[in-house]
Amino acid sequence: MALRNVVLPNEDPRQLLAIPKQEAKLYMSFMYVAFISLFIGGLMGLLQVLVRSGSFTLPFGIGYYQILTVHGVILALVLTTFFIIGFQFTLMSKTVGMSVKQRKVSWLAFWIMTIGTLVTAVTILLGKASVLYTFYAPLKAHPAFYIGLALVIVGTWVAAFVNWRQLYLWKKGHPGEKSPLLAFMVTINMIMWFIASLGVAAAVLVQFIPWSLGYAETINVLVSRTLFWYFGHPLVYFWLLPAYMAWYAIIPKIIGGKLFSDSLARLSFVLFLFFSIPVGFHHQLTEPGIDPTWKFIQVVLTFMVIIPSLMTAFSLFATFEITGRRKGYGGLFGWFKHLPWKDVRFFAPFVGMLAFIPGGAGGIINASHQVNTLVHNTIWVTGHFHLTVATTVILTFFGITYWLIPHLTGRKLTKSVNRLGIFQTIVWGVGMLIMSGAMHIQGLLGGPRRSAYSDYGGTEQAVSWGAYQMAQAIGGTILFVGIILMVYIFIKLTFFSPKGVEEFPVAEEEENAEPTPKWMENWKLWIAITIALILFAYTIPFVDIIQNSPPGSVPFDW
Ligand code: HAS
Ligand code: CU
């Protein structure tokens, strides 16, 4: 059994210290919302693939777009955000600490986010907001939908301020020291999130809420979509970066190795801050009304944001190989064979990494201006993001769950849960391979996304999708089994596993590593460059969009 919870001689005993009970309660609250969301959102996913297979109709007058909206909002926005904010709080607590006052403010963040979530979720469930998670105008939802979403965002801002204050106070108490890597990473992610969410907040407050309340008759569709994607692309990195935190700074510890390079990890996060935001046009490449030159410029910037992911891939391979060779496993692939395959804390994120190879390649295809015309608005894109967010990111989050939840609840990850976790990961991998693979192929055959089942009058092209839609239903059903298993594991780890101490694994740096340069923490410079890049990529096209927009659009009500 590769699980190692014993203290090794040079091990930092802080990693075994439990997080104070009152703090643990806060962090677990975020996790409860995340896992309830997983269950509800997953169930909706199951219904969707069944409808799209053509062999199932929703009962009780429930609409396809209603469940599709629940699925997208609850999984892509609620599950991710609650897991991330909760996880990041634990990282901050472990590395720089949390004061009682900060804890109280964090509860405020939690409640604002939770109330916002409830308001939004109820509005969708009542069928008053079947506008999908991107809520494209001119689709119009009930005002409560937008107000709830705005609350969720405001809650995350409160969390961001707490995180920044945590690091600030730590730095004041440790003059001249470099900040702990994980705290640095959390701070970057929250700066990126804050700057990005200003865009969607502006759209919601200035455009959507007045419009849905009836104060404005029309809405400028292109402005709203542009503001959404200004936020929507960094949103996907807001999901990815916490997974990268685990890959860089936690996985090496789990496999018995060390962090490959502190500077490289920090540099890749700084690059994400720079290039995550000025790239939103790659979601609008087919949108009329945006100058192609600016689309091209943002595509170039998109290719820049691939670099830190390639740096991450390189760094992980290096960690894996160095660790294996140090343990004495020679040969070309000896190190690979001896990775701790039976430890779910490694295995689940590893399958996530594997999925990111085709997932990332698909992203590069999407971002290529010309090829995008082939795949845009097809279910290929749905395949892409089920590999990235619903495999790479979520399997890493599951991998974190196996040690984080017992660490917070004072329990042990037992051998049987570990084994079940390995099985869960395989179920997820197989289900996703079938579902996402079929989505990619059907997309290339022209199958649309964001649409319920139709045989399009029996056209030849629609007939060619049949088998792939069936495959998606099979893959989706397997995935739902994976969700049931994961929710079971979560409940087990929270309430029923035997009491004990579970390690909070944080990797140390290599002893002979080059010291991290001081300029790495030049926050003002990083933020200035980020803003300069955003202004460069968005100012001229945005002015152009506002000046030359067609008249505002009237709502499209269901
Ligand atoms: Fe994307 C659409 C481009 C990454 C999520 N993306 C989406 C949507 C979502 C999403 C949700 O340019 C749909 C939005 C909607 O509803 O309309 N995406 C990219 C690019 C990347 C990328 C260039 N996407 C992501 C990530 C996501 C995500 C990450 C979520 C977490 N995406 C697009 C474009 C569209 C798009 C267009 C619009 C399409 C359209 O027309 O609508 C890049 O960041 C990808 C870079 C990644 C790599 C991979 C590096 C590999 C690593 C793993 C190493 C593995 C190891 C394992 C070490 C280059 C790091 C060891 C293995 C052994 C074998 C030993
Ligand atoms: Cu994007």
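Order of listing sets the numbers, starting from 1, for every ligand and every atom in it. A quick note: this is a predicted structure, and the numbers were derived from the prediction, not measured.
- Residue-to-ligand polar distances place A367 within reach of ligand 1: an N/O pair is separated by less than 3.5 Å.
- Test T156, V186, N163 against I85 for side chain to side chain contact (heavy atoms under 4.5 Å, CB included) and you get one pass: T156.
- Between S197 and W157 the shortest heavy-atom distance is OG-NE1, 2.8 Å.
- Paired with F274 under the rule ring pair (Phe, Tyr, Trp, His ring centres under 6.0 Å), one option of F536, W526, F269 passes, and it is W526.
- The protein heavy-atom contact nearest to atom 3 (C) of ligand 1 is G363 O, 3.3 Å.
- Restricting H233 to its N, O or S atoms, the one at the least distance from the Cu ion (ligand 2) is ND1.
- At a cut-off of 3.5 Å, with distance as the only test, no side-chain donor of Q298 or Q284 sits close to an acceptor on the other residue.
- Taking any N or O of W247, backbone or side chain, none lies under 3.5 Å from an N or O belonging to ligand 1.
- The Cu ion (ligand 2) lies closest to atom NE2 when only the N/O/S atoms of H282 are considered.
- Counting heavy atoms from C-beta outward, Y65 and S451 have side chains that approach closer than 4.5 Å.
- Considering backbone and side-chain N/O atoms, H384 comes within less than 3.5 Å of an N/O atom of ligand 1.
- The proximity of V236 to ligand 1, defined as any non-hydrogen pair under 4.0 Å, involves the side chain as well as the backbone.
- The only option from W341, F317, Y329 that meets the ring pair (Phe, Tyr, Trp, His ring centres under 6.0 Å) definition with F336 turns out to be W341.
- On a distance-only criterion, Y244 and ligand 1 share no N/O pair closer than 3.5 Å.
- Judged by distance alone, the side chains of T123 and H142 never bring a donor and an acceptor atom under 3.5 Å apart.
- Looking at ligand 1, you won't find any N or O of T134 less than 3.5 Å from one of its N or O atoms.
- Residue H376 approaches ligand 1 through these ligand atoms, each under 4.0 Å from one of its heavy atoms: 40 (C), 41 (O), 42 (O).
- Note: no N/O pair closer than 3.5 Å links S309 and ligand 1 by distance alone.
- Inclusion of W239 in the set of residues having an N or O under 3.5 Å from an N or O of ligand 1 is not warranted.
- Applying the 4.0 Å criterion to heavy atoms of N372 picks out, from ligand 1, the atoms 39 (C), 40 (C), 41 (O).
- Remark: ligand 1 atoms within the under-4.0 Å shell around heavy atoms of Y133 are 11 (C), 14 (C), 15 (C), 16 (O).
- Under the side chain to side chain contact (heavy atoms under 4.5 Å, CB included) test applied with W380, the options R449, H440, Q442 reduce to a single match, H440.
- Taking every non-hydrogen atom of R450 and a distance limit under 4.0 Å, the qualifying atoms of ligand 1 come out as 17 (O).
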